[in-house]
Amino acid sequence: MTKIIRSILLILVASVFITGCAKWQEVKKDKVVSAHKVSFELKEENWYALKGEKNYSITKDGVLLQKISLNVLDLEKGLSKTKKNIPSDILSHQLAELIIEELRLVNDKNSFNLVSNNPEQLDTAEAVQIIYQTKDNDNNTIKTNSSYFIFDKNLYLLSYSAPLLHFYGKDLDLYQQFKKTIKLDK
């Protein structure tokens, strides 16, 4: 009985620690959401959102099973691992090279696998789509479909991440629809 109580307390403490005092809120179907000068529409119910100062995440089954996130990075601060600054007028292929180098350092070099790297358009912004795979601590393959673009003197990262087995393909079409609704607020 003591082990059960200890386990429950550990789960409660861990969940408070991981999410802080933030509250996940349900995202209503067909509602236009605006976060960090980006507006988008989610066409399906049962998703939950968490908005932070420089990020916005949504999930349906939990962030370890699938997550769509929008992160905003200040161009003047540079990338966290390579410490390289990104000029606001950088070309897409140059941005891709810097991001891939950063991703290799952030993730274990042995588990990082670049799947594709292509230019794309998100509303009025030229973006680069980088799809890659990594391994988590349990040796599960996590696949991430990410788009990087510069807007309003910031580097934006829009990504969909999920375990390759069972979950990645489950909501990939929804993520693609989600990307088509993105509007950059002027």
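For this chain, numbers begin at 1 and follow the sequence in order.
Using a 4.5 Å cut-off on side-chain heavy atoms (C-beta onward), Ile86 and Leu79 make contact. Within the 4.5 Å cutoff, no side-chain heavy atoms of Phe40 are placed close to those of Lys183. Side-chain contact check for Leu158 versus Tyr175: some heavy-atom pair is nearer than 4.5 Å. Looking at heavy atoms from C-beta onward, Ile68 lies in side-chain contact with Phe178 at the 4.5 angstrom threshold. Looking only at side-chain heavy atoms (C-beta outward), Lys67 and Ile58 stay at 4.5 Å or farther from each other. Between Trp24 and Val63, some side-chain heavy-atom pair lies under the 4.5 Å cut-off. Between Tyr56 and Leu50 the shortest side-chain heavy-atom distance does not fall below 4.5 Å. Put simply, the side chain of Leu122 reaches to within 4.5 Å of the side chain of Ser147, judged on heavy atoms.
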Please test Gln133 against Val115 for side chain to side chain contact (heavy atoms under 4.5 Å, CB included), starting from the C-alpha separation and ending with a verdict. CA-CA 7 Å; Gln133 296 176 348; Val115 175; 3.9 Å; yes

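No continuous path of ILVMFWY side-chain contacts below 4.5 Å connects Val72 to Val128, so the two sit in separate hydrophobic clusters. Taken together through direct or relayed side-chain contacts under 4.5 Å among Ile, Leu, Val, Met, Phe, Trp and Tyr, Leu98 and Leu114 form part of one hydrophobic cluster. Placement of Ile131 and Tyr148 in two distinct hydrophobic clusters is found when ILVMFWY residues are connected by side-chain heavy-atom separations under 4.5 Å, directly or transitively. Hydrophobic clustering (ILVMFWY, side-chain heavy atoms < 4.5 Å, transitive): Ile100 and Ile150 are in one cluster.
Between the side chain of Asp74 and the backbone N or O of Glu76 there is at least one donor-acceptor pair closer than 3.5 Å. Between the side chain of Ser146 and the backbone N or O of Ile130 there is at least one donor-acceptor pair closer than 3.5 Å. Glu97 contributes no side-chain N or O that, together with a main-chain N or O of Gln94, makes up a donor-acceptor pair within less than 3.5 Å. Although no hydrogens or angles enter the test, the distance criterion places no donor-acceptor pair under 3.5 Å between the side chain of Asp152 and the main chain of Asn154. In this structure a side-chain-to-backbone donor-acceptor pair under 3.5 Å is present from Asn107 to Leu103.
The structure places OG of Ser57 at 8.5 Å from CG of Leu70, a figure rounded to the nearest 0.5 Å. Residue Ser92 holds its OG atom at 11.5 Å from CD1 of Ile99, rounded to the nearest 0.5 Å. Put simply, CG on Leu95 and CD1 on Ile90 are 5.0 Å apart, with the number rounded to the nearest 0.5 Å. For the atom pair OG1 of Thr134 and NZ of Lys143, the computed distance is 12.0 Å after rounding to the nearest 0.5 Å. Atom CG of Asn71 and atom CG of Leu155 lie 9.5 Å apart (nearest 0.5 Å).
Pairs passing the ring-ring contact (aromatic ring centres under 6.0 Å, His included) check and including a residue from residues 74-124, sequence neighbours excluded, read Phe112-Tyr132. Applying the side chain to side chain donor-acceptor pair (under 3.5 Å) test to every pair with at least one member in residues 81-91, sequence neighbours left out, gives these pairs: Thr82-Glu102, Lys84-Glu101.
Atom CD of Glu120 sits in a crowded spot, with more than 12 heavy atoms from other residues, nucleotides or ligands closer than 6.0 Å.
Between the side chains of Asn145 and Gln129, at least one donor N or O sits under 3.5 Å from an acceptor N or O.
In terms of heavy atoms, Asn117 sits closest to Ala96 at OD1-CB, 3.4 Å. Across all non-hydrogen atoms, the minimal contact from Val38 to Asp185 is N-OD2, 3.7 Å. For the residue pair Lys37 and Tyr156, the shortest heavy atom distance occurs at CB-OH, 3.9 Å. Shortest non-hydrogen contact noted between Glu41 and Thr181 is N-OG1, 2.9 Å.
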Show every donor-acceptor pair shorter than 3.5 Å between a side-chain atom in residues 159-172 and any protein atom, with sequence neighbours excluded, or say none if there are none.
from: Ser159; atom 1: OG; to: Ser69; atom 2: OG; distance (Å): 3.0
from: Tyr160; atom 1: OH; to: Phe167; atom 2: O; distance (Å): 3.2
from: Tyr160; atom 1: OH; to: Tyr168; atom 2: O; distance (Å): 2.8
from: Ser161; atom 1: OG; to: Thr144; atom 2: OG1; distance (Å): 3.1
from: Lys170; atom 1: NZ; to: Asp61; atom 2: OD2; distance (Å): 3.0
from: Asp171; atom 1: OD1; to: Lys60; atom 2: NZ; distance (Å): 2.9
from: Asp171; atom 1: OD2; to: Gln66; atom 2: NE2; distance (Å): 3.0

